[in-house]
Each structure stands twice: as C-alpha cells, then as structure tokens.
There are 2 protein chains.
Amino acid sequence: MDTTQRTDQQRSADRRRRELLEAADRVVLRDGPGASMNAIAAEAGITKPILYRHFGDKGGLYAALAKRHTDALLEALRAALDAPAERRERVEATLDTYLAAIEARPQVYRFLMHPSDGASPGDPGFDVGKHSAPLLRRMGEELAEVIEERVDLGPDSQQLARVWGHGIVGMMHAAGDWWLGERPCSRAELVRALADLLWGRLAAAGDKLGGPSF
Amino acid sequence: MDTTQRTDQQRSADRRRRELLEAADRVVLRDGPGASMNAIAAEAGITKPILYRHFGDKGGLYAALAKRHTDALLEALRAALDAPAERRERVEATLDTYLAAIEARPQVYRFLMHPSDGASPGDPGFDVGKHSAPLLRRMGEELAEVIEERVDLGPDSQQLARVWGHGIVGMMHAAGDWWLGERPCSRAELVRALADLLWGRLAAAGDKLGGPSF
DNA sequence: ATCAAGTGTTACTTGCGGTAACGGTAGCCT
DNA sequence: AGGCTACCGTTACCGCAAGTAACACTTGAT
C-alpha cells in the first residue's frame, strides 16, 4: 500500500535523522560550535549533501540539535518547579536543577548559550560574539563592587555581593532584551517591576555608610 | 628628533584608527554584525589589508568597536549608580539608564549582545547562535506562567509575572554562567545566595491558592 | 640621490556553506 | 523479464569571506 510504504520510509528517515543528530552531537561537543558540516558528515560516515537534505541548512541542524537539549532541560525544570513543596523550596530546587545541568554538561551548555566560542584556537574560526560576555561580566563585577562597598551584608559579604552583582545584571539584561523585542509595557513600568522584584533582602539590609534602616 | 617623529606618526595612526572605527560603526550598525571586512573597508574608502594592519583580525576590530560602546555605557551606569540618593532611587535610576540606552540605540545593543543576528535575511549569512535566545525566552515564559498561576500579585499580575519570569531566568543564567567560569563557591552556596536575593516581595506575597496573607 | 618607513593597492590562498549533476539500488507495475 | 519511480549517496563545483603576500607610491631625514 501507499501509506504503509510511506510510513516505512518515513520511519527509516526518522531513524537516520536521529543517527545524524547523534553524530552531530558528538562532533559539536568535541569540536565546539564551530564544527564544520564536513566534519559532522564525516563523523556520521557520509557526506555533506545528505545533511542538507535532512536539515536544510546549518541553522536547521543546529536548531534540531538545540531542541533536543533544551527540551530535556525544560522538562527537568518543570518537574522541579511543579513539585509539591513550599515556594522557597521549589525555587531552590529549580535553581539547583538548572545549575546542576550546566555543571554536568558544560559543553552542551556552551553550545546552547555561547555558540561563538570555538574549541580549537588555532583554527581561523569565528570569534564574532566574544563581546556580549565581557560586557555582562564587567557590569556584574562593577555592580558587585558597589554593592559590597555600600551595603552591609554581614559575613561572606564579598561572595554574596559578587553573586548578586552578576545575578542582578543578568536580570536586567534578560528583562531588557525581552522588553526590547515585545514592548509589552512602558520603560517606567518595567523599571518599577524589576525594582519591586529586587526589593527583598536587599531592602531589608542596612546601609554600611548611612544610618541603619533594618 | 626620534621621539617627536614617532609621536607625530602615532597621532596620525590614532586618528586614522578612530576614523576607521567610525566607518566600521556605520557599516555594522547598518548591515548588522555580519558585515564583511570588504564592506567596512569600502565604507572607509580603503581596502582590506589596512584594516588588518590596524586591528589584526576581525575579532580585534569588533573588540575595539565593542569597547567604545561598552565604555560609554558603563560610564553612564556608574554615574547613575553613584548618585547621592536613596538606594532604591539609585537602583531605579541605574535600571532606567540601562534600558534607556538599549532603547535609544537598539542597533548598538544588538551588535553587543546578539552578534549573530544578521541584518539582510536574503544573505546566506550566519545564523549560528539563534539558540540561546530561544532557550532563555522559553524558560522565561514558562516561569512567568507558573508565577502567574501560583502567586497572588494583585492587579497587573500578568505583566508583572512576565517581567519577573524573564528577569529571574536572566538572573539564573548570568549567575550560572559566571559561576561556571570561575567556580567561586559551591553550588549549594550559589543557590542559597540567589534565593536570598529573590526573597523580597516574592516572599511577602501570599499564595493564590492558599490563604490570603494580610 | 638615497634610504627607511608608512600608506595603499592588486591578486592570491584557504576554507566553509551550499548546490547541481550524476550513479547506484530497492521495490512496484504491467 | 524489463522499465519506472524514488530514495541514498557520491564527486565536483560555485560563491563568498577571512586573511596574506608582494608590489607600488608618497614623504621626510641624511
């Protein structure tokens, strides 16, 4: 029959696709995101045009590759987030799940988040994109300094200030990025929402220089 | 004399460098980060090798370009952060400064933060790097949903939840990225620090499903 | 005049993404 | 059988961009 035949072929194609993705995974995790289509094809034991027949272009392949990993990560996060427990516990579990994931497979993480960092520095590969991280890092460090010198955080203040510096900068960055794309509200509203989010322990801590507010 | 001569030439070289950077700026802001060295050279009225003599390679040029903008932005942020005012005011001013900057010059922002987004979609340009944004966005949206359905935020809850969702995800992302690179503390410590940072308004707000708090 | 050094050029190499055109091989039809 | 279709796979190529080598022109010091 037509349908069974088609199904057979589709199945075979899907299996092939999965094999190719696994090969691509190996190469990308070994050579970094700068891996060439030729290398991936070689790892899979075939040649380039087949990759293109399956995935259209490099973006398609990488998107398929990314989807596998992001889906897995998102599922784990959802589980942690939906667990029946106190809110703070859930939040900590979710944070820990995410951090454990990036800790366990840093290569995957780098592929998903920093696609421009090549692996072999000898290669004349791309290095476009080495700019965002420096900016975020610098902002985080500067903010950490300001926090540490102007806010009384008790013991471990330095560690805490650095974590918060980078965390707050990341919050600002991600929220700003999303806001810039969707423009869901005015700038003032966004600022207020973010400041409100921030106004917890940070607001309760007293100033180091000024009078204690508690 | 040797020194004056050198100084003269160095000055001239520096002026040239600045001119080239301005030309590169124009091109990159017009054509996106996928701009070719040829295009930049053409805009500057010269040819490729000169660019390479001045900046070494494309990464060098882009780094110099990025430095200009990041320095300017960081200075503005420092000013807002060091202003003599209440802490919350300073925080809001800093957030607003950052957001105003990315709002005023989104092209610069996109160059600094999303170097892989090409400008002309007709070009067979790079699209590697379209993966990080989707993951962050998806995480932000999912978290927003969870927040909105499980936390009582009063009016404007939807807007607030989305801002917080993306903000918190960004915080987690940036802190995790920094932590993964420097390993300044254990995972548990990081989780606790971030949860502490978060525990402000979020902790004070009552559950939607549970009993209303005050 | 000559030498040195910086500015600029053309013309090339290398490597990658992407494609066209061709060669096998399996199953189905009459 | 023989032929049709459809898929898997190949080699060989195009276009384009990064980066470089080698050569030419001004300019000022000696």
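In this text, all values refer to a predicted model and were calculated from it rather than measured experimentally.
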Base of dG19(D) paired with side chain of Lys58(B) (donor-acceptor, under 3.5 Å): no
Which residues share a salt bridge (charged side-chain N to carboxylate O under 4.0 Å, His left out) with Asp156(A), sequence neighbours left out: none
Verdict with reasoning, Phe111(B) to Tyr62(B), per ring-ring contact (aromatic ring centres under 6.0 Å, His included): CA-CA 9 Å; Phe111(B) 165 67; Tyr62(B) 275 47; 5.5 Å; yes
Spacing between Lys48(A) atom NZ and dC13(D) atom P, to the nearest angstrom: 14 Å
Atom-pair distance (CG on Leu51(B); C1' on dT9(C)), nearest Å: 14 Å
Asp57(A) side-chain proximity, nearest of dG18(C), dT19(C), dG9(D): dG18(C)
Presence of Thr47(A) side-chain N/O under 4.0 Å of dT10(D) phosphate oxygens OP1/OP2: yes
Euclidean distance, atom CG of residue Leu20(B) to atom C1' of dG8(C) [Å, nearest integer]: 12 Å
Any Arg16(A) side-chain nitrogen or oxygen under 4.0 Å from OP1 or OP2 of dG9(D): yes
side-chain hydrogen bond (donor to acceptor under 3.5 Å, both in side chains) partners of residues 45-56 of chain B, not counting sequence neighbours, each pair once: none
Touch class at under 4.0 angstrom, heavy-atom based, for Ser36(A) against every strand present: sugar-phosphate
5′-ward residue of the pair Arg53(A)/Met37(A) relative to DNA chain C: Met37(A)
Nearest-nucleotide pick for Pro49(B), side chain only, options being dA20(C), dT20(D), dG17(C): dT20(D)
CD-CD distance between Glu22(A) and Glu19(A), expressed to the nearest 0.5 angstrom: 7.5 Å
Residue Ile46(B), side-chain heavy atoms: nucleotide from dT10(D), dG8(C), dG19(D) that is nearest: dG8(C)
Separation of dC25(D) C1' from Ile50(B) CD1 (nearest whole Å): 12 Å
Atom pair distance, as rounded to whole Å: OH in Tyr52(B) and C1' in dA17(D): 8 Å
Nucleotide dT10(C), atom P - distance to CG of Asn38(B) in whole Å: 11 Å
Distance in angstrom units between Arg15(A) CZ and dC8(D) P, rounded: 12 Å
Distance, rounded to the nearest Å, where Tyr62(A) contributes OH and dG17(C) contributes P: 8 Å
OG1 on Thr94(B) to CE on Met139(A), rounded to 0.5 Å: 11.5 Å
